[in-house]
Amino acid sequence: MPELPEVETIRRDLDRELSGRVIERVVSEGARSIRRHDPVEFVCRLLGRTVVTVDRRGKYLVFHLDEGALVIHLGMSGQLLLASPELSLARHTHVVLGFSGDRDLRFVDPRTFGEAFVSGPELGELSRLGVDPLSVVSASQLGSMLAARTTKLKPLLMDQHFLAGIGNIYSDEILFTAHLRYDRSAATLTPTEVRRLYRAMVSILEAGIEHRGSSLSDEQYRDVFGVTGSHQNHHQVYAREGKPCRRCHQPIIRVKLGGRSTFLCPRCQPAILRDFGSSR
DNA sequence: ACGCCCGCCTGTAAGC
DNA sequence: TGCTTACAGGCGGGCG
């Protein structure tokens, strides 16, 4: 499922490929994918508009237009693909934007958890998102954000109103790298642990972007050219149940948290407080 | 106000 | 082999 590194990879490519181009054609087949709009209204608000820049807020892509903005969330299985207009449409193609210069942008989404909508300059619910994890400037800033929170670490990292962009995969990877358990209460972290968490968060997300995202066997992530990412080859814990920890060789375990899978190393991420030193 | 769980979806894979 | 069932989970909303 696309999280910050995947959405950022898509954003960078789309900003380069589509900025300055005009939306000349809009085809919308999937009513559920544009559920906030009447289909005719959706088309009217996009036709003739020019893409100024492509931005990202958390996991949302924001296409700033000369009038208003197109917002797309990829949900669980959404893909945005650049293609020639003459290529046949893949199954589950819900929206096609035809751009100047004979370029299609196609929104493909089998599970239809994703959506596209046109917004005014206020961007609605996006204004309520938390800060971007890569905009947190220091460990001490993260520490003050965590200080008042009694929530378990993992649900907090995944709370889009707290930090915007981290999902199930990257939260597990970040917590492993920080040697912290998913169920530690956020406010109980020592300054050393906060610093480990801060460094892990930044380094894991940057590595994910560097590797153009994570593509797992059972999921759909592709970049706009249809190419898979490679960060899954660097995963330490996610989807590695039973496999040896890359750091200590103890088998990785899976637990359920809120009905969702959480992967961790029971030795590297102990329940009791342990000092792993200040390195890393 | 917060934590938890459900419903929305389809494709894949495990299990009988 | 073929069918059924479980699972994957982001997010909004409802409930306690």
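Bear in mind the structure is a predicted one, so any value in this text is a computation, not a measurement. In the text below, chain A, chain B and the rest are named by the order of the sequence lines, each starting its count at 1. These numbers come from the heavy atoms of this one structure, side chains and all, not from hydrogens, waters or symmetry mates.
- Checking the phosphate oxygens (OP1, OP2) of C:dA8, a side-chain nitrogen or oxygen of A:R254 falls inside 4.0 Å.
- For the pair A:R36 and A:F117, the distance from NZ or CZ to the six-membered ring centre is under 6.0 Å and the angle to the ring normal is within 45 degrees.
- The list of salt bridge (Lys or Arg N to Asp or Glu O under 4.0 Å) pairs with a residue in residues 255-265 of chain A, not counting sequence neighbours, is empty.
- Between C:dA8 and A:S261, a contact under 4.0 Å exists linking OP1 or OP2 to a side-chain N or O.
- A salt bridge is defined here as a Lys NZ or Arg NE, NH1 or NH2 lying under 4.0 Å from an Asp or Glu carboxylate O, and A:D223 with A:R212 meets this definition.
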Query raised in the report: Yes or no on salt bridge (Lys or Arg N to Asp or Glu O under 4.0 Å) for A:K152 and A:D183, after CA distance, side-chain angles and deciding distance?
Result: CA-CA 5 Å; A:K152 291 172 179 173; A:D183 57 355; 5.8 Å; no
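- Take A:Y60 and apply the ring pair (Phe, Tyr, Trp, His ring centres under 6.0 Å) test, not counting sequence neighbours, and it matches A:H73.
- Between A:E173 and A:V237 the shortest heavy-atom distance is OE2-N, 3.0 Å.
- When the local axes at the two ends of the helix from B:dC2-C:dG16 to B:dC16-C:dG2 are compared, using 5 base pairs at each end, they differ in direction by 60° after rounding to 10°.
- Phosphate proximity of C:dA6 to A:K256: absent, as no side-chain N or O sits under 4.0 Å from OP1 or OP2.
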Report summary line: Reading nucleotides 10-16 of chain C from 5' to 3' and marking B where a protein heavy atom lies under 4.0 Å of the base, S where only the sugar-phosphate is that close, and - otherwise, the string is BBS----
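- Salt bridge present: A:D132 and A:R56 bring a charged side-chain N and a carboxylate O closer than 4.0 Å.
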Would you list the protein and nucleotides 3-5 of chain B atom pairs, both N or O, that sit under 3.5 Å from each other?
{"residue": "B:dG3", "atom": "OP1", "partner": "A:T151", "partner atom": "OG1", "Å": "2.5"}

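- Ion pairing between a basic and an acidic side chain is recognised when a charged N comes within 4.0 Å of a carboxylate O; A:R12 and A:D15 show no such pairing.
- In this structure, A:L163 and A:M158 have side chains that are not in contact, with every pair of non-hydrogen atoms separated by 4.5 Å or more.
- A centroid separation of less than 6.0 Å is found between the aromatic rings of A:Y170 and A:H231.
- A:H94 is linked by a ring pair (Phe, Tyr, Trp, His ring centres under 6.0 Å) to nothing, counting only residues two or more places apart in sequence or in another chain.
- A straight line from CG of A:D109 to P of C:dA8 spans 19 Å, rounded to a whole angstrom.
- Summarising the geometry, the separation between CG on A:L216 and C1' on B:dA13 is reported as 15 Å, rounded to the nearest angstrom.
- With rounding to whole Å, A:R111 atom CZ is found 7 Å from B:dT10 atom C1'.
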